Amino acid sequence: GRAIIDTGCLNPHRSQFEIVGEKGVLKVADLVGGQGRSGNFGAYDGPFVGSSSFVMGDYLGKDEVVQVEPCDHVQSLVVEFSKSVETIKQGGKANPEWTKRSLITHTIMCAIFESAMRGGIDIEFKSDDKGTTKYVIGGETFDDIPTKDWNE
């Protein structure tokens, strides 16, 4: 499938994101859990609250607002990761989801960085039926995301 991640690291302040895929849309309009795009940054002066809702949209354009318990996402991930480590320490098996999440997150962050450093160029991920991923940057295909020498 194909997904487009709308994010920014060089743009004005943004506390929202949107991921658009072939089967629908996932949109968080207020990741911080405060005042949205009001210009009021009070949410940064206290404990992180997190968003209380997100939008799931299907491929036909029907949106559904999903209410969730606001939480500090980082804190929640640390708690879950700690539980996983404790399971391993007690002789249990590692949860393979953590490895997968770590690699996916790192790859996406590298792609966002490369895109920003190359003037916003699209970075495409293409996977074959064997699970091999290729990266397409400016029409050129790579086996790995090339890191440009930014000191040139």
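Not measured: the values here are computed from a predicted model.
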Novice: So, taking the atom named OG1 in Thr141 and the one named OH in Tyr135, what distance separates them when rounded to the nearest 0.5 Å?
Specialist: 12.5 Å
Novice: Kindly give the heavy-atom pair with the smallest separation between Val65 and Ser53, and that separation in Å.
Specialist: CG1-CB, 4.0 Å
Novice: How would you list, by chain and number, every residue that makes a ring pair (Phe, Tyr, Trp, His ring centres under 6.0 Å) with Phe81, sequence neighbours excluded?
Specialist: Trp98
Novice: Can any side-chain N or O of Ser84 pair as donor or acceptor with the backbone N or O of Glu80 at less than 3.5 Å?
Specialist: no
Novice: Asp63 and Met56: side-chain contact (heavy atoms from CB on, under 4.5 Å), yes or no, with the steps?
Specialist: CA-CA 6 Å; Asp63 288 346; Met56 289 282 295; over 6 Å; no
Novice: Above 12 or not: heavy atoms from other molecules or residues under 6.0 Å from CG of Asp128?
Specialist: yes
Novice: Quick check for you: to the nearest 0.5 Å, what is the distance between Thr133 atom OG1 and Phe142 atom CZ?
Specialist: 15.5 Å
Novice: Please test Lys100 against Glu97 for salt bridge (charged side-chain N to carboxylate O under 4.0 Å, His left out), starting from the C-alpha separation and ending with a verdict.
Specialist: CA-CA 5 Å; Lys100 191 165 63 172; Glu97 188 64 27; 3.4 Å; yes
Novice: What's the spacing between Lys93 NZ and Thr87 OG1 if we round to 0.5 Å?
Specialist: 13.0 Å
Novice: Cluster question for you: counting only ILVMFWY and a side-chain heavy-atom cut-off of under 4.5 Å, with indirect links fine, are Val66 and Leu26 together?
Specialist: yes
Novice: Going from CD1 on Ile123 to CD1 on Ile108, what distance comes out if it is rounded to the nearest 0.5 angstrom?
Specialist: 12.5 Å
Novice: Should Val55 and Glu64 be marked as a side-chain contact (heavy atoms from CB on, under 4.5 Å) after you check the CA-CA gap, both sets of side-chain angles, and the distance that decides it?
Specialist: CA-CA 6 Å; Val55 175; Glu64 176 186 353; over 6 Å; no
Novice: Give the C-alpha distance, both sets of side-chain angles, the deciding distance and a yes or no for side-chain contact (heavy atoms from CB on, under 4.5 Å) between Arg118 and Ile137.
Specialist: CA-CA 10 Å; Arg118 294 172 187 261; Ile137 304 171; 3.9 Å; yes
Novice: Using modelled atom types only, decide if a donor and an acceptor are shared between the side chain of Ser115 and the backbone of Ile121 within a distance under 3.5 Å.
Specialist: yes
Novice: Looking at Asp58 and Lys23, is there a salt bridge between them, counting it only when a charged N and a carboxylate O are closer than 4.0 Å?
Specialist: no
Novice: Atom OG1 of Thr132 and atom NZ of Lys134: how far apart are they, to the nearest 0.5 Å?
Specialist: 7.0 Å
Novice: State the OG1-CD1 distance between Thr107 and Ile112, to the nearest 0.5 angstrom.
Specialist: 11.0 Å
Novice: Is Leu77 reachable from Ile88 through a run of hydrophobic residues whose side-chain heavy atoms are each under 4.5 Å from the next?
Specialist: no
